[in-house]
**Q** 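To start, I am sharing the structure in question, which I have written as structure tokens.
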4 protein chains.
Amino acid sequence: MFELDVRSRKPIYEQLMDKIKEMIMYGILKPEEQLPSVRSLSTQLTVNPNTIQKAYRELEREGYIYSQPGKGSFVSPEQQQPTQAQQVDMRERLLKLFAEAIYLGFTKEDLQKLYEQAIQEQERGHHHD
Amino acid sequence: MFELDVRSRKPIYEQLMDKIKEMIMYGILKPEEQLPSVRSLSTQLTVNPNTIQKAYRELEREGYIYSQPGKGSFVSPEQQQPTQAQQVDMRERLLKLFAEAIYLGFTKEDLQKLYEQAIQEQERGHHHD
Amino acid sequence: MFELDVRSRKPIYEQLMDKIKEMIMYGILKPEEQLPSVRSLSTQLTVNPNTIQKAYRELEREGYIYSQPGKGSFVSPEQQQPTQAQQVDMRERLLKLFAEAIYLGFTKEDLQKLYEQAIQEQERGHHHD
Amino acid sequence: MFELDVRSRKPIYEQLMDKIKEMIMYGILKPEEQLPSVRSLSTQLTVNPNTIQKAYRELEREGYIYSQPGKGSFVSPEQQQPTQAQQVDMRERLLKLFAEAIYLGFTKEDLQKLYEQAIQEQERGHHHD
DNA sequence: GTGGTCTAGACCACG
DNA sequence: GTGGTCTAGACCACA
């Protein structure tokens, strides 16, 4: 299911967050779907429960999932309207990455191809039911 | 010259690296141009000299600048051909960011506009002499 | 009748307690009025019967309702004189909340308006028969 | 400095958050002032460092403080404009508490007195330098 | 069973 | 020295 790099500079709980976000964005995890429990993921990934917990908590804070004590953790119902802060942040990240890509010699066509690819992967995920 | 955000979670030395990389990519810092000395930057930004040195060391390791002991630090001569590893890495970063942007509701047109903006900022930097 | 927020961090039994307390305070539930049975509420709200029972048990412990085994649960007869402990507790909660509201920029007028609103809602409830 | 109730139902880290928020709102902790380090508070309160850490992290998330790895934790520069969400939330909390207070027999005058008291305590804190 | 809190103690990167 | 991450393992409240 997941592959985590314990030697990476990026904290494990952040790697986990990224993976789960990805699966939600690609539609592999559907709205209201139940996530694996903290304990099961913990044993499955041989990672401490606290670390999983931390990832889940942060994902809840960011609105991707919600947790019900005693029941489990679930994917949030829908993509809520993105905050203005989120949009501004994304613009900045895109601008920075574009600048870096241009510097590395990426052309407009390269970027368009990558965009198409991203779109296709997202659609593939959604038709995956 | 620089503005560092002490409140950011990002380490100061990384912020410094990003700023300098940006200035190189935008052509504000020209190839072979001399960078400010560790001492002067340290007092100017009221940042620990060790922190400046770490940023310079890392930038040298990544090939953006080179240091001549006793003379100073300089911007690397020319944009060397990007490594294949660099290109593969950039493709992945672009794909991930595109996916996230799409999830946040960014359209193809939004991305194109941002790309044009990035191009313009880069050109503006180069004409800045 | 009720709407429970499964996404809230607040335990369901507490949400239930709050709703019932509110209805008593607003006079929507009259003294001596019979509450719905545990079973019916359970099916109506699709909530575990144990959870309903816990809410009722706690409400009885706090004096808002009383239960007659075999007959059902009823709203307590009259607003008994509030304990001194209850009053002291309420003063503290008000002081803290006022401090926070002031910090958030709420003015005396804002608070007065909200007070009037609370009064009106309470009167509306009582005239609701 | 602090007094924590380990037997309380409210988690220790939340109690800590409330205390620190209070001290910031009352001006006892000034903007940009350094907070005690995680470790020092930990030994001082005989509470595990992780618990202090959690409180600090949440406070940072809510904008009350900010932390610089390697330097320390500091009170945020100023009261930033409250979010609309914060204001809506506060209105609801005030309405609910007013309803409860009215139910307990608190009069308009009682509430006004408590408001004046809250104002005074806040001013006292700010003149405390 | 679930998520949530907490302790004890270790290690790391940063300044 | 600082904050941040992580493990090992315990206990609690909730459904």
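Computation of the quantities below employed the complete heavy-atom set of this structure, encompassing side-chain atoms and omitting hydrogens, waters and symmetry-equivalent molecules. Letters A, B, ... are given to chains in the order of the sequence lines, protein chains preceding strands, and every chain is numbered from 1.
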**Q** Please identify each residue that fulfils side chain to side chain contact (heavy atoms under 4.5 Å, CB included) with A/Gln84, with sequence neighbours left out.
**A**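 Partners of A/Gln84 under the side chain to side chain contact (heavy atoms under 4.5 Å, CB included) test: none.
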**Q** How would you list, by chain and number, every residue that makes a side chain to side chain donor-acceptor pair (under 3.5 Å) with C/Asn48, sequence neighbours excluded?
**A**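 For C/Asn48, the residues satisfying side chain to side chain donor-acceptor pair (under 3.5 Å) (neighbours in sequence not counted) are C/Asn50.
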**Q** Which sits closer to the 5' end of DNA chain F, D/Gln68 or A/Gly70, going by the nucleotide each is nearest to?
**A**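 The residue mapped nearer the 5' terminus is D/Gln68.
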**Q** Name all residues meeting the salt bridge (charged side-chain N to carboxylate O under 4.0 Å, His left out) criterion together with C/Glu58; count only those two or more places apart in sequence or in a different chain, and write none if there are none.
**A**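 Salt bridge (charged side-chain N to carboxylate O under 4.0 Å, His left out) check on C/Glu58 returns C/Arg61.
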**Q** So which one's nearest nucleotide on DNA chain F is more toward 5', A/Pro69 or A/Thr46?
**A**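 Residue closer to the 5' terminus by nearest nucleotide: A/Thr46.
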**Q** Between side-chain atoms of residues 13-24 of chain A and protein atoms elsewhere (two or more places apart, or another chain), which donor-acceptor pairs fall under 3.5 Å?
**A**
unit_1	atom_1	unit_2	atom_2	d
A/Tyr13	OH	D/Arg57	NH2	3.2
A/Gln15	OE1	A/Asp5	N	2.9
A/Gln15	NE2	A/Asp5	O	2.9
A/Gln15	NE2	A/Lys10	O	2.9
A/Asp18	OD2	A/Lys10	NZ	3.0
A/Lys21	NZ	A/Glu62	OE1	3.0

**Q** With nearest nucleotides of DNA chain E determined for A/Ser40 and D/Ile12 from heavy-atom distances, which residue corresponds to the more 5′ nucleotide?
**A**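 Nearer the 5' end of the strand: A/Ser40.
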**Q** With nearest nucleotides of DNA chain E determined for D/Lys10 and A/Arg9 from heavy-atom distances, which residue corresponds to the more 5′ nucleotide?
**A**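 The residue mapped nearer the 5' terminus is D/Lys10.
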**Q** With salt bridge (charged side-chain N to carboxylate O under 4.0 Å, His left out) as the rule and sequence neighbours excluded, what pairs involving residues 31-51 of chain A come up?
**A**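 Every pair satisfying salt bridge (charged side-chain N to carboxylate O under 4.0 Å, His left out) with a residue in residues 31-51 of chain A: there are none.
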**Q** Just the endpoints, please: which first and last nucleotides of DNA chain F, 5' to 3', lie under 4.0 Å from a heavy atom of chain A?
**A**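 Result: F/dT5 to F/dA15.
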**Q** For A/Thr43, give me all partners under side chain to side chain donor-acceptor pair (under 3.5 Å), at least two apart in sequence or on another chain.
**A**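 If we apply the side chain to side chain donor-acceptor pair (under 3.5 Å) test to A/Thr43, skipping adjacent residues, there are no hits.
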**Q** For D/Gln34, give me all partners under side chain to side chain contact (heavy atoms under 4.5 Å, CB included), at least two apart in sequence or on another chain.
**A**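 Testing D/Gln34 for side chain to side chain contact (heavy atoms under 4.5 Å, CB included), a comparison that skips the adjacent residues, returns D/Phe74.
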**Q** Using a heavy-atom cut-off of 4.0 Å across all strands, would you classify D/Arg39 as base, sugar-phosphate, or nothing?
**A**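 The residue D/Arg39 makes base contact.
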**Q** Side-chain contact test, heavy atoms from C-beta onward, threshold under 4.5 Å: evaluate it for A/Tyr66 versus A/Gln68 and give yes or no.
**A**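 Yes, at least one pair of side-chain atoms sits under 4.5 Å.
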**Q** Please state how far atom OH in B/Tyr13 lies from atom P in E/dA13, giving the value in whole angstrom units.
**A**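 To the nearest whole Å, that distance equals 9 Å.
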**Q** Kindly state which residues belonging to residues 50-59 of chain D come within less than 4.0 angstrom of DNA chain E, counting heavy atoms of the residue only, listed by number.
**A**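 Heavy-atom contacts with DNA chain E come from D/Asn50, D/Thr51, D/Lys54.
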**Q** Hunt down any stem DNA chain F takes part in, defined as 3 or more consecutive Watson-Crick or G-U pairs whose two distances are each under 3.5 Å.
**A**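 For DNA chain F the paired stretches long enough to count as stems (3 pairs minimum) are E:1-14 with F:1-14.
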**Q** Would you mind checking if C/Glu100 and D/Arg93 are paired as a salt bridge, meaning a charged N to carboxylate O distance below 4.0 Å?
**A**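 Salt bridge present between D/Arg93 and C/Glu100.
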**Q** Heavy atoms only, 4.0 Å cut-off, all strands: where does B/Val47 land among base, sugar-phosphate and nothing?
**A**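 Nothing: the residue B/Val47, judged by heavy atoms under 4.0 Å, touches no strand.
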**Q** Taking only residues two or more places apart in sequence, or in another chain, which ones meet B/Arg91 in a side chain to side chain donor-acceptor pair (under 3.5 Å)?
**A**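 B/Arg91: no side chain to side chain donor-acceptor pair (under 3.5 Å) contacts found.
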**Q** What pairs with C/Ser8 under side chain to side chain donor-acceptor pair (under 3.5 Å), at least two apart in sequence or on another chain?
**A**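 In terms of side chain to side chain donor-acceptor pair (under 3.5 Å), with neighbours along the sequence ignored, C/Ser8 is linked to no residue.
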